[in-house]
Amino acid sequence: MDTALALHAYRVDERTRAFLAQRHDLLIDGRWAPPRLGGRIDVIDPATARRIATVAAATAADVDDAVVAARRAFTQGPWPAMSGAGRAKLLWALADRLAGDARVLAELETLDNGKPFADTLAIDIPVGAELLRYMGGWATKLKGESVQIGDPGDFQAYSLREPIGVVGQIIPWNFPLLMALLKIGPALAAGCTLLLKPAEQTPLTALRLGSLALEVGFPPGVINILTGDGETAGAAMTAHPDIDKIAFTGSTEVGRRILAAAAGNLKRVSLELGGKSPMIVMPDADVEAVIAGAVPGIFFNAGQSCMAGSRLIVHESLAARVTEGIAARARAIRVGPGFEPGTQVGPLVSQTQLERVQAYIRSGLDEGARLVTGAKRLPGDGYFLTPTVFADVHPGMRIVREEIFGPVLCISSFADLGLDQIASLANDTPYGLAASIWTRDLVTAHSLTAKLKSGQVWVNAHHAGGPDLPMGGYKQSGWGRELGREGVELYTEIKAVAIALKKPGAWLELKG
Ligand code: NAP
Ligand code: MG
């Protein structure tokens with residue numbers, strides 16, 4: 001392992017080294033337990049292609065154990081008895097603990113996922129801690145409503161908002177810690193207990209999070225963390241008869257499988273799936289702003305973002321300037337190991353993902369798209385790919401239709417069209433996660449926003465958001481909204497209560 005770490009010029013903190021070297025088990029019922037079948041998974045540093053740790057591979061038997069613990073924690077003991085204020089305090093304590101451990105968490109995230117250390121330290125960890133604090137606030141603010149049924153004096157009626165129960169949460173590898181916090185924060189605020197399965201490629205910060213949660217005093221069974229692969233541990237969770245809800249982020253394809261598996265006990269399902277988000281550039285747009293916004297819009301996190309602006313649809317009058325401007329900036333992006341100072345884009349997360357993206361690039365070339373820049377793998381063992389721009393793409397091409405989840409932008413242009421036709425171009429995808437509109441005209445901005453089938457719309461920006469702005473997809477981009485009040489309510493059931501204030505007979509007579 002030391003040889004793997006030595007490949008980085010940066011000196012990794014002693015605490016990070018110690019964490020990597022320790023044995024990683026499953027967090028079940030407040031204790032670290034080895035997987036029942038003893039399986040292990042290698043954790044690979046995508047900048048070096050070397051193994052940096054191994055983690056436990058959970059199977060159905062471990063999922064069973066965790067469900068028993070989570071059910072017990074939900075129905076007995078301190079969790080159901082704890083007030084919203086008590087849960088909020090724990091979430092805030094965890095947020096503080098995360099912030100205090102920022103350096104180690106950021107190093108682990110960079111080693112595990114590859115993304116620049118400057119980003120993990122400045123974005124992933126502090127944004128994650130803030131997200132937990134925000135969600136902690138909801139623990140004291142969930143409430144039902146009083147409702148008038150019948151005539152005044154007939155009934156006292158109201159709704160209660162209750163936690164759904166035991167929740168299974170399955171997350172991807174693109175923002176490992178942020179995704180984990182985005183899942184556990186609202187579930188815990190609502191009063192649920194949970195099993196979290198990180199992606200097999202990036203399990204380290206979720207495991208560290210589990211240790212920190214134990215340190216700040218989450219009761220046993222409330223947070224269970226099971227590393228393992230999707231087809232085993234993930235599938236066991238989705239099919240489990242005593243899990244009340246599955247919350248999933250990942251591909252649309254796996255989302256469909258989860259839905260089918262959840263049918264057994266009709267568990268609640270929320271899905272945050274893929275996207276093919278358009279950036280629509282109107283003829284009156286500020287070209288410099290478009291270039292400055294579109295480059296991070298697609299290349300942030302090496303394009304491995306569900307909301308990446310992967311289709312740029314530009315009015316023909318600006319197409320050449322916008323394409324050249326984006327290409328020039330793309331060429332200047334510093335691609336390299338996350339620990340190298342100045343790195344702006346790290347490697348792709350895995351060999352598999354690199355090959356997937358390269359296959360898409362080949363298909364773009366085969367189908368006649370014009371490669372403007374990029375598409376080069378950097379020498380060495382890491383999974384580095386240069387930011388890639390295709391122009392003159394057509395709606396039927398695979399690179400335009402399918403989510404690539406890599407640093408590949410597809411540019412197409414349109415002639416003078418009405419807003420309905422422009423919206424049709426943007427909406428011509430099975431996905432509907434995000435879209436950005438670039439214009440200086442307020443009427444265009446509002447009118448086009450109304451026509452887009454997209455869970456998020458940004459104007460003169462791409463990737464804007466915060467913990468209180470709901471996030472989720474139309475169409476095949478998902479079910480439900482995370483973040484904001486909607487994100488916490490996703491973990492609640494409504495119970496309607498009606499108390500007769502008159503004798504039932506009297507009420508029936510009254511109505512009769
Ligand atoms: P994925 O296969 O959808 O994996 C996401 C999570 O689901 C992982 O934890 C995965 O486990 C788990 N999983 C896989 N099969 C499962 C099953 N049958 N039952 C239950 N859980 C299962 O995504 P991926 O392989 O990591 O990436 C593939 C594509 O997904 C990407 O290229 C991209 O298109 C999309 N994606 C979207 C997002 C997003 O934010 N919307 C994020 C990441 C990826 P493993 O650990 O075994 O993989
Ligand atoms: Mg996978």
Side-chain angles (χ1 to χ4, degrees), residues 39 41-44 46 55-60 63 112-113 115 168-176 178-180 182-183 195-204 206 225-240 243 246-262 264 267 269-277 300-308 310 348-360 383 398-399 401-408 429-434 455-456 463 471-473 475-480 482-483:
I41 297 174
D42 286 344
V43 182
I44 306 295
V55 296
T59 57
V63 170
D112 202 354
N113 167 283
K115 64 176 79 188
Q169 304 184 311
I170 300 174
I171 54 173
W173 40 257
N174 56 341
F175 294 91
L178 261 182
M179 290 286 170
L182 184 63
K183 289 281 180 282
L195 285 69
L196 174 75
K197 192 201 85 66
E200 70 194 91
Q201 298 87 342
T202 55
L204 296 178
I225 297 184
L226 290 97
T227 51
D229 77 67
E231 260 114 65
T232 315
M237 281 163 65
T238 53
H240 203 289
I243 288 186
I246 290 285
F248 170 76
T249 298
S251 60
T252 296
E253 179 199 338
V254 173
R256 268 194 205 96
R257 254 182 275 159
I258 283 176
L259 212 50
K267 52 174 70 69
V269 176
S270 54
L271 303 169
E272 185 76 53
L273 307 175
K276 195 74 191 175
S277 301
F300 174 61
N301 213 36
Q304 300 169 128
S305 159
C306 50
M307 293 198 249
S310 48
L348 296 179
V349 74
S350 62
Q351 174 81 32
T352 309
Q353 191 62 10
L354 174 70
E355 286 170 6
R356 216 177 106 93
V357 175
Q358 287 178 313
Y360 273 113
Y383 313 129
R398 275 186 64 211
I399 53 169
R401 302 219 65 78
E402 297 175 22
E403 183 179 46
I404 299 176
F405 226 67
V408 181
T429 163
Y431 296 110
L433 198 52
Q456 275 93 316
H463 287 315
M471 179 183 90
K475 301 196 282 185
Q476 294 182 32
S477 286
W479 282 4
E482 295 191 303
L483 298 176

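Note that these values count all heavy atoms, side chains included, but never hydrogens, waters or copies made by symmetry. When a ligand or atom number is given, it counts from 1 through the structure's own listing order.
Neither the backbone nor the side chain of Leu433 has any atom closer than 4.0 Å to an atom of ligand 1 (non-hydrogen atoms only). The backbone and the side chain of Asp229 each have at least one atom closer than 4.0 Å to an atom of ligand 1 (non-hydrogen atoms only). Residue contacts with ligand 1 for Gln353 involve side-chain atoms from C-beta outward but no N, CA, C or O (heavy atoms, distance under 4.0 Å). Contacts with ligand 1 closer than 4.0 Å are made by no heavy atom of Gln304, backbone or side chain.
Distances from atom 19 (N) of ligand 1 to the heavy atoms of Gly230, Ala308, Gly406, Gly274 put Gly230 nearest. In this comparison of Lys197, Glu200, Gln201, the heavy atom closest to atom 10 (C) of ligand 1 sits on Lys197. For the residues Phe175, Tyr431, Phe405, the heavy atom positioned nearest atom 42 (C) of ligand 1 is part of Phe405.
Taking Leu483 as the reference, Leu131, Met135, Leu182, Met471 meet the side-chain contact (heavy atoms from CB on, under 4.5 Å) condition, with sequence neighbours excluded. Residues passing the side-chain contact (heavy atoms from CB on, under 4.5 Å) test with Ser477, sequence neighbours excluded: Tyr431, Leu433.
In terms of modelled atom types and a separation under 3.5 Å, the side chain of Asn113 and the main chain of Trp173 share a donor-acceptor contact. Thr252 places no side-chain N or O within 3.5 Å of a backbone atom of Leu273 that could act as its donor or acceptor partner. The backbone N or O of Lys183 sits less than 3.5 Å from a side-chain atom of Gln169, completing a donor-acceptor pair. The backbone N or O of Val349 sits less than 3.5 Å from a side-chain atom of Gln304, completing a donor-acceptor pair.
Each of the following atoms of ligand 1 lies closer than 4.0 Å to a heavy atom of Ile171: 6 (C), 8 (C), 9 (O). Below 4.0 Å from some heavy atom of Ile170 lie the following atoms of ligand 1, by number and element: 6 (C), 7 (O), 9 (O), 12 (C), 20 (C), 21 (N). Under a 4.0 Å criterion applied to the non-hydrogen atoms of Thr249, ligand 1 contributes the atoms 5 (C), 39 (C), 40 (O). Under a 4.0 Å criterion applied to the non-hydrogen atoms of Glu231, ligand 1 contributes the atoms 15 (N). Each of the atoms 40 (O), 42 (C) of ligand 1 lies under 4.0 Å from some heavy atom of Asn174. Every atom of ligand 1 is numbered from 1 in the order shown, and the set under 4.0 Å from a heavy atom of Ala199 is 9 (O), 46 (O). Those atoms of ligand 1 that come under 4.0 Å of a heavy atom in Glu272, given as number and element, are 41 (N). Here is the list of ligand 1 atoms found below 4.0 Å of a heavy atom in Pro172: 42 (C), 43 (C).
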>> Walk me through whether Ile41 and Thr227 qualify under side chain to side chain contact (heavy atoms under 4.5 Å, CB included).
In response: CA-CA 9 Å; Ile41 297 174; Thr227 51; 5.8 Å; no
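Between atom NZ of residue Lys475 and atom OG1 of residue Thr429 there is a gap of 6.0 Å, rounded to the nearest 0.5 Å. Distance check: Ile170 CD1 to Glu272 CD gives 14.5 Å after rounding to the nearest 0.5 Å.
In this structure, Ile243 and Lys267 approach most closely via the heavy-atom pair O-CE, 3.2 Å. The minimum heavy-atom distance between Gly228 and Lys197, with the atom names listed, is O-NZ, 3.0 Å.
For ligand 1, the polar-atom distance check against Trp173 finds a nitrogen or oxygen pair separated by under 3.5 Å. An N or O contact shorter than 3.5 Å is missing between Met179 and ligand 1 by distance. Between Ile404 and ligand 1, no pair of N/O atoms sits closer than 3.5 Å.
In this structure, Arg356 is part of the shell of residues with a heavy atom less than 4.0 angstrom from ligand 1. For the pair Phe248 and ligand 1, a heavy-atom separation below 4.0 Å is found.
Ion pairing of Glu402 with Arg356 is absent here, as no side-chain N (NZ or NE/NH1/NH2) approaches a carboxylate O to less than 4.0 Å.
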